Amino acid sequence: MSKGITSQTDDYSKWYNDIVVQADLADHSAVRGCMVIKPSGYAIWEKMQQTLDKMFKDTGHVNAYFPLFIPKSLFEAEEKNAEGFAKECAVVTHYRLKTDPQNKGKLIVDPEAKLEEELVVRPTSEAIIWNTYRGWIQSYRDLPILVNQWANVVRWEMRTRLFLRTAEFLWQEGHTAHASKEEAILETEKMLGVYADFAENWLAMPVIKGIKTANERFAGADETYCIEAMMQDGKALQAGTSHFLGQNFAKAFDVKFANKEGKLDYVWATSWGVSTRLMGALIMSHSDDKGLVVPPKLAPTQVVIVPIYKSEEGLEKIRQAIQPLQKALQAKNISVKFDDRDTQRPGWKFAEYELKGVPLRIGIGERDLENGTLELARRDTLSKETVNLNDAEHLIEKLLAEIQSNLFQRAQQRMKNMTHTCDNYEEFKRLLDDKGGFILAHWDGTSETEEKIKEETKATIRCIPLNNPSENGKCIYSGQPSAQRVIFARAY
RNA sequence: CGGGGUGUAGCGUAGCCCGGUAUCGCGCCACAUUUGGGAUGUGGAGGUCGUCAGUUCGAAUCUGGCCACCCCGACCA
């Protein structure tokens, strides 16, 4: 058992926190609700960024950057959006400090330096971006605009958790402008598809694509699409959202274009984002009591080589024996680390790399040199086998792919096992308490019912799955007729 | 923000009720023996007791403010 990691079965929430801190991913900072993302954590985030950024570019998007500050008057322009975020905004009111005349060496806010208009620290950037787009768009020839930005945003959350909910977080936000409703909806759905693809094929995390109910919809959107994932403890995590914003922001910021017929019309909008919350999703999808488990495609180090030796000469022999393999793997773009630190012993390194989640570990010692072998250990199954050095290159490539797909299948199986169909409210409550997971149940379509269920059970409607089969039934709460099942769960 | 709890060396802790400058373990440093799953021995370093103020001859200990973290609610990507 690893040092100081609470077992998942004892306290999942504590386990999560232990993993984040002990695997050196992130730490609490001196600022309330804000975290320091440490090199080990940031390296994984960078891999996510690189992958997503390429996916965005491959679908025709370009990057830009908009300001951190939004003048209050712009922020309030789209009423619903402003209302939705108002209670969690950080606001800049002054632009200068001065030394405190009462208390030398201390600073106070200079009352003389009050801003004419307060600046809102962006909780999301629709307002500043749509105010800017007004100047970019006159004609249908200027459309579509397909822009993404990588940025930090601030939402003054009351309760925070590392990666899952921090007051400041890193994300990307795509903001697109279109000439027609149909095109904007297609874009919204396309980007949801990109997120689902990324979640499943890189994070190895199965997701359900769906749309949010009116209650859960993004403030200012006509429709919010989402990908919902299930964590190991059965709780749901919203892993990404893609919003069809209709003409709401175009109207709020007066963004019109001349269409082919020469008539003026408001521009159609989408926005979509994923955040450092995906780090939390990654952790709670695959990791165990020994530490982090990172899918090979996102692992900063995919293979680590731990030499086992008794002398400097012994190490040198190993180094030379393993070098061709190391080079061959690197030539295939597999990241390999040869850990020749003399300051730690092999057993210590084994535990360390398990904690950090390196997918494959090679152990090679003098015994292996005689036999022409090495030991290969998988992080996902914790199994070990001794293989011929000559077969290793091929085998490692195969194993990395196998680990990637094994992690996905494992998570998929778990989601399947923890998804239940339910037609009775009492049983619904029992299921939530005893098993958790997703519950497919009928709902009458009203916000009132949704609210009541939330109040009584803490479960929310995660989404109405896309391509949901229609099925006549009765609302689990009100008994009113329903045409389809929706997904209920307790969520992060 | 409401209720409950916690804060002592890098980490985990004892001491606090009953005031007299801090205990133990892990980790760290040096040396030796070790190295195929978190080594062992010997020696050593490290603390304005979260922070600010108050009471007192004297505060980790008593009182108050503030900050941070954890759990439970309301809010949320």
Side-chain angles (χ1 to χ4, degrees), chain A residues 1-6 11 13-14 16-18 21-22 27-35 84-89 103 106 123-124 152-173 195 212 215-219 224 226-229 236-243 271-281 290-291 306-312 314-315 318 340-355 361-371 373-375 377 382 384 386 451 454-455 458 460 462 491-492:
Chain A
M1 186 67 53
S2 300
K3 281 191 278 188
I5 296 180
T6 307
D11 185 341
S13 167
K14 219 175 213 160
Y16 173 82
N17 223 47
D18 286 350
V21 173
Q22 309 235 9
D27 218 337
H28 296 284
S29 71
V31 187
R32 178 196 195 98
C34 296
M35 64 180 165
F85 285 101
K87 47 191 181 321
E88 51 192 46
C89 284
N103 194 353
K106 300 280 182 184
T124 180
N152 58 339
V153 287
V154 170
R155 297 180 187 177
W156 214 262
E157 300 290 352
M158 291 169 188
R159 267 185 76 190
T160 57
R161 297 196 64 193
L162 294 171
F163 288 119
L164 293 176
R165 186 174 301 109
T166 45
E168 179 195 17
F169 56 93
L170 307 184
W171 75 346
Q172 58 69 218
E173 45 182 329
Y195 288 156
K212 288 290 188 189
N215 267 1
E216 302 278 324
R217 196 177 287 153
F218 176 76
T224 287
C226 63
I227 51 171
E228 289 288 326
L237 184 79
Q238 180 174 307
T241 47
S242 183
H243 314 292
S271 70
W272 27 273
V274 294
S275 71
T276 34
R277 174 178 258 200
L278 287 178
M279 293 288 294
K290 285 190 180 294
V306 178
I308 298 142
Y309 57 94
K310 290 192 165 58
S311 63
E312 198 51 45
L315 173 61
I318 293 168
D340 60 356
R341 284 178 300 171
D342 196 33
T343 51
Q344 311 295 355
R345 299 167 71 258
W348 190 93
K349 292 178 184 175
F350 293 167
E352 176 76 0
Y353 290 114
E354 272 160 15
L355 178 61
R361 187 188 72 231
I362 294 173
I364 179 164
E366 290 173 33
R367 212 160 67 200
D368 291 299
L369 292 186
E370 285 165 25
N371 302 333
T373 58
L374 53 75
E375 184 186 73
L382 293 169
K384 293 188 282 198
T386 300
E451 287 287 352
K454 185 180 175 184
E455 269 170 43
K458 292 186 220 162
T460 51
R462 302 317 303 159
Y492 276 100

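Below, chains carry the letters A, B, ... as their sequence lines are ordered, and counting in each starts from 1. We use all heavy atoms of the structure for the numbers below, so side chains are in, but hydrogens, waters and symmetry mates are not. This is a predicted model, so every value here is computed, not measured.
Residue A:Arg277 contributes atom CZ, which lies 5 Å from atom C1' of B:A77 at whole-angstrom precision. If you measure from atom CZ of A:Phe218 to atom C1' of B:A77, you get 10 Å, rounded to the nearest angstrom. Counting to the nearest Å, the P atom of B:C75 and the CZ atom of A:Arg161 are 18 Å from each other. For the pair A:Met35 CE and B:A68 P, the computed distance is 17 Å after rounding to whole Å. Here B:C75 presents its P atom at 12 Å from CD of A:Glu88, a figure rounded to the nearest Å. Atom CD of A:Glu451 and atom C1' of B:A74 are 12 Å apart (whole Å). In this structure, A:Asp11 places its CG atom 9 Å from C1' of B:C71, rounding to the nearest Å. Taking atom CG of A:Leu164 as the reference point, atom P of B:C75 lies 18 Å away to the nearest angstrom.
Residue-level contact check: A:Ser13 touches the backbone only, with heavy atoms under 4.0 Å from sugar-phosphate atoms and none from bases. Here A:Lys212 lies out of heavy-atom contact (under 4.0 Å) with every strand. Using a 4.0 Å heavy-atom cutoff across all strands shown, A:Gly33 reaches sugar-phosphate atoms only and no base atom. Among the atoms of the strands shown, none is found under 4.0 Å from any heavy atom of A:Thr460. Within 4.0 Å (heavy atoms only), A:Thr241 reaches no atom of the nucleic acid at all.
Smallest separation of non-hydrogen atoms from A:Glu168 and A:Asn152: OE2-ND2, 2.9 Å.
In this structure, A:Glu354 and A:Leu382 have side chains that are in contact, with non-hydrogen atoms separated by less than 4.5 Å. At least one side-chain heavy atom of A:Leu369 sits less than 4.5 Å from a side-chain heavy atom of A:Ile364. Between A:Val274 and A:Gln172, some side-chain heavy-atom pair lies under the 4.5 Å cut-off.
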task = Using a 3.5 Å limit on both pairing distances, list the dot-bracket string of RNA chain B from the 5' end; Watson-Crick and G-U wobble pairs count, crossing pairs take [ ], interstrand pairs take |.
result = ((((((((.[[[..)....(...]]].((((((.....)))))).....[[[[[..)....]]]]])))))))....
request  = Show the numbers, then the answer: is there a side-chain contact (heavy atoms from CB on, under 4.5 Å) between A:Glu352 and A:Gln344?
outcome  = CA-CA 10 Å; A:Glu352 176 76 0; A:Gln344 311 295 355; over 6 Å; no
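Of the possible donor and acceptor atoms, none in the side chain of A:Glu366 sits under 3.5 Å from a partner among the backbone N and O of A:Tyr309.
With a 6.0 Å radius and a threshold of 12 heavy atoms from other residues, nucleotides or ligands, A:Trp171 has its CH2 atom above the threshold. Surrounding CD of A:Glu455 are more than 12 heavy atoms belonging to other residues, nucleotides or ligands, all under 6.0 Å away.
Nucleotides B:G58 and B:G7 place their P atoms 26 Å apart, quoted to the nearest Å. Nucleotides B:G44 and B:C62, compared at atom C1', are 37 Å apart to the nearest Å. Distance check on atom C1': B:C29 versus B:C75 gives 49 Å, rounded to whole Å. To the nearest whole angstrom, the two P atoms, one in B:U13 and one in B:C70, are 15 Å apart.
How far CD of A:Glu375 is from CG of A:Asp368: 7.5 Å, rounded to the nearest 0.5 Å. Rounded to the nearest 0.5 Å, atoms CD1 (A:Ile227) and OG1 (A:Thr241) are 9.0 Å apart. In this structure, the separation between CG on A:Asp18 and OG on A:Ser13 is 9.5 Å, given to the nearest 0.5 Å.
In terms of phosphate contacts, A:Thr124 brings no side-chain nitrogen or oxygen within less than 4.0 Å of OP1 or OP2 of B:A77. The phosphate of B:A77 (OP1 or OP2) has no side-chain N or O of A:His243 nearer than 4.0 angstrom.
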ask   = What one-letter contact string describes nucleotides 31-36 of chain B from 5' to 3', where B marks a base within less than 4.0 Å of any protein heavy atom, S marks contact via sugar-phosphate atoms alone, and - marks no contact?
value = ---BBB
query = In B/S/- notation, 5' to 3', how is nucleotides 1-11 of chain B contacted by protein heavy atoms closer than 4.0 Å?
reply = -----------
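Ring-base stacking between A:Phe169 and B:A77 is satisfied, the centre separation being under 5.5 Å and the plane angle under 30°.
Ring geometry, A:His243 versus A:Phe218: the interplanar angle falls under 30°, so the pair is classed parallel (tilted spans 30 to 60°).
Each of A:Lys349 and A:Glu157 has a nearest nucleotide on RNA chain B; the 5'-most of these lies closest to A:Lys349.
Comparing B:G37, B:C75, B:A77 by their closest approach to the side chain of A:Ala351 singles out B:G37.
Cation-pi geometry between A:Arg361 and A:Phe350 is met: the NZ or CZ atom falls under 6.0 Å from the ring centre, inside 45° of the normal.
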